[in-house]
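The structure appears right after this line, and notes come after that.
Heavy-atom basis, side chains included; hydrogens, waters and symmetry copies ignored. Note that the structure is a prediction, hence the values are computed from the model and not measured. First listed ligand is number 1; within each ligand, the first listed atom is number 1.
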Amino acid sequence: MRKNIVAGNWKMNNDLRKTQALIKALDEKIKTSKTEVMIAPVFVNLQSAVKQLKDSYIEVIAQNMHFADSGAYTGEVGAKMLKSVGVKTVILGHSERRAYFNETDELLIKKVDAALKNNMRVIFCFGEELKDRKSGNHQNVVESQIKNVLFHLPASSFENIVLAYEPVWAIGTGETASPEQAQDMHKFVRETLSNKYKASLAKNMSIIYGGSVKPDNAKEIFSKPDVDGGLIGGASLNADDFFAIVNAF
Ligand code: PGA
C-alpha cells in the first residue's frame, strides 16, 4: 500500500553513545505520525536501537546486507541475522554501495531476492550520475537500473519494495534536484512500472526521493504528487532537522 515514508540513512556515523542519544531525542519528538518513520544506524548499533525503540513508532532498518544467509563471507551480515535482532527492512543499492563497494546490478539482484525470500522489506535505491543528467540520459539510466534488478520479480513482490530515487549528483552535495526534476523522474518510474506490470501496482508504490533533503526544501519536494517521502542522509543526524522533515507532509 502506498504510504508516506521518511527514512534516515545515518551512513557510517554515530557510535553507540551518540546513537542512543539521537534515538532518545527522536523518540521524544516523534510520537505518532501518518508518515512512516525509519532510521538506519550502523550494523553494530542495530540491536540496541531496536531495544530502545521497542515501544516506539520509529522503525529501525539496516543500510545493507549480504545475499547469503550465512557462510564464509568475512565481515558480512545476512538477512536472517538482521531479522534475529528485530530488523525487518533493508536499504539496498545505495549509490555509495554501488560506487565504493562495486555493487553491480547482478549483485543487487541476489541481495533483493535474498531479502524478499526472508520476508524483509527492501528500500531499493537508484539514480543517475551528473554526466547522465547533463547528457539527457537520466531516464534511460534509471529505467535500466530498475529493469535490471527488479523486473524478474512477480508483481506480488512489489508489496515489499519501496523505491528511492536518489540522483547521485544530489547526494551529500547540498545540491537538491528541483521539486520538478524529482516529480518528473518519479512519474517516469511509475510509468515504467505500469508498462511492465499494472497501473494499479504503479499507483500503489511508495517512491521516495533522496539527495540533500533539508527542512527548508522538504515541504516543496514532498508536495509533488508522485513523491511519497524522502531518504534523508545528512539532515537525519540532527533530531530537530529530521523531525522537521517528518512533519513536512
Ligand atoms: P543526503 O544523503 O541527504 O546527505 O544527500 C541522502 C542519501 O544518501 O540517502
Side-chain angles (χ1 to χ4, degrees), residues 4-14 18-19 22 26 30 35-43 45-46 49 58-65 87 89-103 108 111-112 115 121-130 132-133 138 141-142 145-146 149 161-179 181-183 185-186 189 206-222 224 227-249:
N4 291 335
I5 296 169
V6 173
N9 175 10
W10 289 8
K11 310 193 180 183
M12 200 175 78
N13 291 296
N14 292 334
K18 284 193 183 151
T19 296
L22 182 51
L26 291 175
I30 305 171
T35 307
E36 263 195 66
V37 183
M38 309 172 190
I39 55 164
V42 296
F43 279 140
N45 294 329
L46 287 174
I58 304 168
E59 182 185 349
V60 177
I61 69 172
Q63 299 176 17
N64 177 36
M65 57 165 246
V87 173
T89 301
V90 60
I91 300 170
L92 293 176
H94 191 280
S95 65
E96 286 152 17
R97 299 291 319 168
R98 294 177 193 255
Y100 308 144
F101 303 96
N102 303 317
E103 294 203 0
L108 288 170
K111 290 192 175 201
V112 168
R121 178 162 62 159
V122 172
I123 299 182
F124 179 69
C125 304
F126 54 88
E128 81 282 2
E129 291 178 33
L130 188 57
D132 309 316
R133 175 61 66 171
H138 44 291
V141 169
V142 160
Q145 287 172 329
I146 292 175
V149 181
I161 296 175
V162 171
L163 297 176
Y165 169 53
E166 297 208 303
V168 178
W169 48 272
I171 295 179
T173 58
E175 191 172 337
T176 329
S178 69
Q181 285 173 322
Q183 166 58 24
M185 186 60 89
H186 285 221
V189 168
S206 296
I207 309 178
I208 61 178
Y209 167 81
S212 299
V213 178
K214 308 279 179 231
D216 59 359
N217 60 23
K219 224 183 197 102
E220 215 188 327
I221 298 172
F222 295 173
K224 294 294 172 191
V227 179
D228 303 310
L231 184 54
I232 320 299
S236 71
L237 298 172
N238 177 292
D240 290 332
D241 287 354
F242 191 61
F243 182 58
I245 295 170
V246 169
N247 284 329
F249 278 102

Which residue and non-hydrogen atom of the protein lie closest to atom 7 (C) of ligand 1, and at what distance in Å? E166 OE2, 3.2 Å
Heavy-atom nearest pair, L108 first then L92, reads CD2-C, 4.4 Å
Shortest non-hydrogen pair, S206 vs D228, comes out as CA-OD2, 3.4 Å
Please report whether ligand 1 has a polar contact with K11, defined as an N or O pair separated by less than 3.5 Å (distance criterion only). yes
Grab the two heavy atoms, one from W10 and one from L26, that are nearest each other, plus how far apart they are. CZ2-CD1, 4.2 Å
Quick one: look up the protein heavy atom nearest atom 3 (O) of ligand 1 and list residue, atom name and how far away it is. G233 N, 2.9 Å
The test is side chain to side chain contact (heavy atoms under 4.5 Å, CB included); show your working for R121 and M38 and say whether it passes. CA-CA 12 Å; R121 178 162 62 159; M38 309 172 190; 3.0 Å; yes
So if I count the atoms of ligand 1 from 1 in the order they appear, which ones are less than 4.0 Å from some heavy atom of G172? 1 (P), 4 (O), 5 (O)
The answer for which part of N9 has a heavy atom under 4.0 Å from ligand 1 is side chain
Should you measure from each heavy atom of A170, which atoms of ligand 1 turn up under 4.0 Å away? 5 (O)
Pairs of nitrogen or oxygen atoms closer than 3.5 Å, one from I232 and one from ligand 1: do any exist? no
Looking at ligand 1, is there an atom of it that comes within less than 4.0 Å of some heavy atom belonging to A235? no
Atoms in ligand 1 flagged as close to S212, the criterion being non-hydrogen separation under 4.0 Å: 1 (P), 3 (O), 5 (O)
E220, CD: over 12 other non-hydrogen atoms inside 6.0 angstrom: no
Which heavy atom in A248 sits nearest to a heavy atom in F222, and how many Å separate them? CB-CD1, 3.8 Å
Tell me the closest heavy-atom pair linking N14 and V42, and the distance in Å. O-CG2, 4.3 Å
Any idea which atoms of ligand 1 are less than 4.0 Å away from a heavy-atom of G234? 1 (P), 3 (O), 4 (O)
Option from V6, I208, I171 for which side chain to side chain contact (heavy atoms under 4.5 Å, CB included) with L231 holds: I208
Find all atoms of ligand 1 within a distance of less than 4.0 Å from any non-hydrogen atom belonging to H94, and give their numbers and elements. 7 (C), 8 (O), 9 (O)
Heavy-atom pair with the smallest gap, counting every atom of T173 and S212: N-OG, 3.6 Å
Select one of side chain, backbone, both or neither to describe which atoms of S236 lie under 4.0 Å from any atom of ligand 1, heavy atoms only. neither
Can you list the ligand 1 atoms lying under 4.0 Å from a non-hydrogen atom of I171? 2 (O), 5 (O), 8 (O)
